[in-house]
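Here's the structure we're looking at; comments come further down.
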Amino acid sequence: MPELPEVETTARFLSERVCGALIDGVSVHWPRSVVCPAPQQFERLICGLRIEAVGRRGKFLVLTLSSCAEERGPCYLLIHLRMSGSIDVVRPSVPRSKHDQVVLRLESGKELRFHDPRKFGRVYFVEDVQQVVGKLGPEPLDPAFTSGTLSLLLKSSRRAVKSALLDQSTIAGIGNIYADEALWRARLHPLAITNRISSAKISVLHSSIRRTLREAILRQGTDNGDGVVEFGSYRPRVYGRAGKRCGRCSSVIKRIVVAQRGTSFCPRCQRLPLSARR
DNA sequence: CAAACTCCCTGTTAGC
DNA sequence: TGCTAACAGGGAGTTT
């Protein structure tokens, strides 16, 4: 599933291919993929706009669109890939998949296709990005995100640390894969209670989150052999490896459920300290 | 305030 | 072999 590193990879891929492109046709094949405005409006409003930039905020792709006539400010096309979404940029002659939910035809002769077999992904067209991403927490790779920032966030509530990492209003962009990976790297148990984690351990968690995300971006995301979304070559240390051995201590990796999500961790590397139990 | 649950979806897989 | 049912999973919304 696309999380921050996969979305970043997709944003870079898109940026190279569609920056400057004029959109001259839009079709929505699965109306519920489009949150706002209504699909007909969506098609009408986007047609004729130019893609100025492609970026990312949390797990959202952010395309800045502008009108050629310049009579109004920029607008934004946001795409959340959720579970199974992906983006293709192909020639129109490439046969369209039945899972291509939204297609933008570009003047350059290419098509930008939002492909999403499970239909959980969402597209937004807005004038104000904050309308969509306003509630997101800080970007973990932003220099402004320090150990102190993380400390304030974790100490302000009492909950399982994994649940806090998954909460997009706490930190943006971390999902099930990188939450498990960062906790493993930090040698922190997923059920450790946030406001009882020492500052020293929070500092380790902070650098673990950043190292894990940076490493995954360098590798262009996780190689999830899932077949649904093919990304890069990041190999998870614990995620999806329950029953296999920990690469650090060779204990058998355990699987539990935290915040309704499957959670893998090493029971030996990631001990739950007495002081951090509920 | 936080946690738990429900819903949206379909490809994959386990069970029969 | 072929069928069905269970399951996974991000996040918004609702209930506890």
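In what follows, chains are A, B, ... by sequence order, proteins preceding strands, each numbered from 1. As a basis for the values below, the full set of heavy atoms in this structure was taken, side chains included, without hydrogen atoms, waters or symmetry mates.
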I'd like to know if the side chain of [X] pairs up with that of [Y] as donor and acceptor (distance under 3.5 Å, no hydrogens or angles considered).
X	Y	answer
A:Ser169	A:Lys135	no
A:Ser208	A:Lys201	no
A:Ser27	A:Arg105	yes

Look at [X] and [N] and indicate whether a side-chain polar atom (N or O) is within less than 4.0 Å of OP1 or OP2.
X	N	result
A:Arg32	B:dC9	yes
A:His99	B:dC9	no
A:Arg255	C:dA8	yes
A:Arg261	C:dG10	yes

From [atom1] of [X] over to [atom2] of [N], roughly how many Å is that when rounded to an integer?
X	N	atom1	atom2	answer
A:Lys59	C:dG10	NZ	P	6 Å
A:Arg158	B:dC1	CZ	C1'	13 Å
A:Phe120	B:dC9	CZ	C1'	4 Å
A:His115	B:dC9	NE2	P	17 Å
A:Leu191	B:dA3	CG	P	11 Å
A:Asn176	C:dA8	CG	C1'	10 Å
A:Lys162	C:dG9	NZ	C1'	11 Å
A:Asp167	B:dA2	CG	P	9 Å

Item to complete: Check for a donor-acceptor pair, side chain of A:Arg159 on one end and backbone N or O of A:Val161 on the other, with a separation under 3.5 Å.
Response: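 Not confirmed, A:Arg159 side chain does not pair with A:Val161 backbone.
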Across the strands shown, which category fits A:Gln168 at heavy-atom distances under 4.0 angstrom: base, sugar-phosphate, nothing?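 Answer is sugar-phosphate: A:Gln168 comes under 4.0 Å of backbone atoms only.
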message = Considering every strand and a 4.0 Å limit on heavy-atom distances, what is the contact class for A:Tyr124: base, sugar-phosphate, or nothing?
response =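 It contacts nothing in the nucleic acid.
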Worksheet item: Which nucleotide sits closest to the side chain of A:Tyr239: C:dG9, C:dG10, B:dT10?
Response: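 So the nucleotide nearest the side chain must be C:dG9.
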Side chain of A:Arg118 (C-beta onward), nearest among B:dA2, C:dG9, B:dC8
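Among the listed nucleotides, the one closest to the side chain of A:Arg118 is C:dG9.
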Of A:Ser157 and A:Gln260, the one whose closest DNA chain B nucleotide lies more 5':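 Comparing both residues, the 5'-ward one is A:Ser157.
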task: May I ask you to decide if the ring planes of A:His206 and A:Phe145 are parallel, tilted or perpendicular, using 30° and 60° as cut-offs?
output: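 A:His206 vs A:Phe145 ring planes: tilted.
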Next on the checklist: Between the base of C:dG11 and the side chain of A:Arg122, is there a donor and acceptor pair under 3.5 angstrom?
Outcome noted: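 Checked by distance alone, the answer is no.
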